[in-house]
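Structure record follows, encoded as structure tokens.
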Amino acid sequence: MKLSEKDEDVWQTLRQLYATSRVPITPTSLGMKMGQPQHVASGYVSGPLRKLVQAGLVTRMEGGTYVPNDRLALNVDRNRKM
């Protein structure tokens, strides 16, 4: 599955937030970290998050929070460097 630039930005931001907090991330906090106002933040990232879950790069947890799949992320990062 090909990721758009926005998908990759959402994925990288999710990984950074999760690395810092080590707790599942809400779509609203993710969108706000990406510079969106609170009232549109979750909508801004919902499409990319859905795509990242389908690609297996992100896991949706109970309560609608998200965590990156670090093991898969390492493989993707290695492939990009080649």
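- Looking at heavy atoms from C-beta onward, V23 lies out of side-chain contact with V67 at the 4.5 angstrom threshold.
- Within the structure, every pair that satisfies the side chain to side chain donor-acceptor pair (under 3.5 Å) test and touches residues 45-65, not counting sequence neighbours, is listed here: D7-K51, T59-N69, R60-Y66.
- In this structure the side chain of L57 never reaches within 4.5 angstrom of the side chain of P68, judged on heavy atoms.
- Rounded to the nearest 0.5 Å, atoms CD (Q12) and CG (L17) are 11.5 Å apart.
- Following chains of ILVMFWY side-chain contacts shorter than 4.5 Å, one can reach V53 starting from L3, so the two form part of one hydrophobic cluster.
- Applying the side chain to side chain donor-acceptor pair (under 3.5 Å) rule to pairs touching residues 21-36 yields T26-S29, sequence neighbours excluded.
- Considering only heavy atoms from C-beta on, V45 stays 4.5 Å or farther from L14 through its side chain.
- M34 CE to K6 NZ: the interatomic distance, rounded to the nearest 0.5 Å, is 7.5 Å.
- We find the OG1-CD1 distance between T13 and I25 to be 10.5 Å, quoted to the nearest 0.5 Å.
- Here the shortest heavy-atom pairing between P27 and S42 reads CB-CB, 3.8 Å.
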